[in-house]
Amino acid sequence: MSDKLKGLKQWLHAGNDAQHAEQLEELWAVTSSYKRRTLPNPETAFVEFSKKQTIGKTSGNGGVLLRMTMLRAAAAVLVLIGAGFLLKSVFFAPDVAMLTVATDAQTTKVFSLPDGSVISLNRNSQLIYPEKFSGDIRTVQLIGEGFFEVSADKAHPFIVETQAGKVRVLGTKFNVRAFPDEQSLEVFVKEGRVAVIPADGKSYELDPGAFLQYDQASARIGLTRKSNDNDLAWKTGKLSFQNAPVSEVVKAVERLYGVKATIEHEDLANCPVYFNVSVGKLQDVWSVLETTCEGVDVEITGQESFLIHGHCCQ
Amino acid sequence: MELIFKQYYQDVFLAVVRVVSQAEVAEDITQEVMFDFWKNHRRISVNISLRAYFRRAGVNKALNYIRDNKHKWNTEDELETEPSITLNARELMEHSELEQLVDAAIDSLPEKCRLVFVLSRFEELTYNEIADQLGISPKTVENQISKALRILRNTLQPYLGQRNL
């Protein structure tokens, strides 16, 4: 009998039962099946889950509920069909197990995939990938944010799947961000070209330096711009602002730390600042901002919200 | 999310259904656990394995449910007569029927007794931890465990003898 069964040990010590040790061990073994036969099918459960997400998001707006629900349902069906393909390729390839690498709120991780691609994973993120790539396509699932340095293999496209869409490449360096609570897919490219295929099914080609953000709720491209070094601050550990308005500092901080900051006066929002700071405690970034301009003061207004007082001093 | 959902749904469900005992309620709670995770993903820091995290979230939610729906616990429980289930030797031949029997035997324990048993057996909580979770004394936990074991042993007696380990 395994030493790990601390519960059973307790039973054995439960006073009047000591003399029935053998029976208790049997009882322990027999009861292991309790409720096992009531297990529901996760596929059906996921369809249910997708519906609930819809209701939660659109309940404030009865008018579009039906249309949205149908769209979501259609999307869910597509997702399921997609999953079917994935499962097939997993199940029919022998010896392929799915692996998960996850990070917590404090750490980032760098690791390589079986094909030699190197992945950097931001905080609170997960990457799910097969122990061994097989078939024509290299597919991984991302929840959260990661920087991908994909080893070139023209015969085997590399696909990053997220809840908001996917990114398809042959071999390049790029960043993907898709935190479930942000309802958004952001991609920017360091090297090479990538195709972003959001949940709307369209395809967008990105060149190096391009940044694209897709908004899942409106099913629209929300933003395209040039990417900058601060986009990768979670990985480089540096934020750098050269003649950037304070509003940009705030945006970068919000993105990086998952907080909300409001600038009290508009002239401060447009105020250009120059500073570099190492990414560590959020308080350090605020301190540097406060010292760049006298009279600027960052007030903590909640657990994850800040109010920035003061005026531009330029 | 989809992959995570499918990977852990059954684990969470099993942990939950063992606590609340009704499959329908357990499905709702499991969905809620997954929804919370999906919604708050970035604010949740997982320091244990994701599987352990999900199980714990499920059990906590299930216990909250029990707390909110605390019905006949306090007084009636002590007065309840001990259940009896008739065993049919033929039924024991079929594995799935044995599973049904185990389910029925555990389900028919008095509610508090069943809950204490489940937390001890499946979550492997200590008596003190169970006492904390349910707001009862460790002594009561011990008594309930003894009671559960006695009842289950009696109910499942014919089977226990035949089993080869």
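- Put simply, the side chain of Val279(A) does not reach to within 4.5 Å of the side chain of Val285(A), judged on heavy atoms.
- Of the atoms belonging to Leu125(B), it is backbone heavy atoms, and not side-chain ones, that fall under 4.5 Å from chain A.
- The residue among Thr126(B), Leu14(B), Asp103(B) with the most heavy atom pairs within less than 4.5 Å of chain A is Asp103(B).
- Proximity to chain B (any heavy atom under 4.5 Å) is shown, for Ala45(A), by both the backbone and the side chain.
- Taking the six-membered ring for Trp and thresholds of 30 and 60 degrees, Phe46(A) and Phe5(B) have ring planes more than 60 degrees apart, a perpendicular arrangement.
- Remark: Arg18(B) is positioned above the aromatic ring of Phe122(B), its terminal NZ or CZ atom under 6.0 angstrom from the ring centre and at most 45 degrees off the axis.
- Ser32(A) touches chain B through backbone and side chain together, each having a heavy atom under 4.5 Å away.
- Residue Thr30(B): no heavy atom, backbone or side chain, is found under 4.5 Å from chain A.
- Between chain A and the options Phe117(B), Tyr8(B), Phe13(B), Tyr9(B), heavy-atom pairs under 4.5 Å are most frequent for Phe13(B).
- In terms of non-hydrogen atom pairs under 4.5 Å with chain A, the most contact-rich of Ser21(B), Ala26(B), Ala23(B) is Ser21(B).
- A cation-pi arrangement is not found for Arg123(A) relative to Trp234(A), the charged atom failing to lie both closer than 6.0 Å to the ring centre and inside a 45° cone about the ring normal.
- Contacts with chain B were tallied for Thr100(A), Asn41(A), Thr31(A); Thr31(A) has the most, counting heavy-atom pairs under 4.5 Å.
- Highest contact tally toward chain B, considering only Pro40(A), Ala102(A), Ala178(A), is held by Pro40(A) [criterion: heavy-atom pairs under 4.5 Å].
- In summary, the side chains of Lys235(A) and Ser120(A) do present a donor paired with an acceptor at a separation below 3.5 Å, with no hydrogens or angles considered.
- Salt bridge present: Arg255(A) and Glu145(A) bring a charged side-chain N and a carboxylate O closer than 4.0 Å.
- In this model, no donor atom of one side chain and acceptor atom of the other lie less than 3.5 Å apart for Asn143(B) and Ser146(B).
- At a 4.5 Å heavy-atom cutoff, the contact between Leu39(A) and chain B is made by backbone and side-chain atoms alike.
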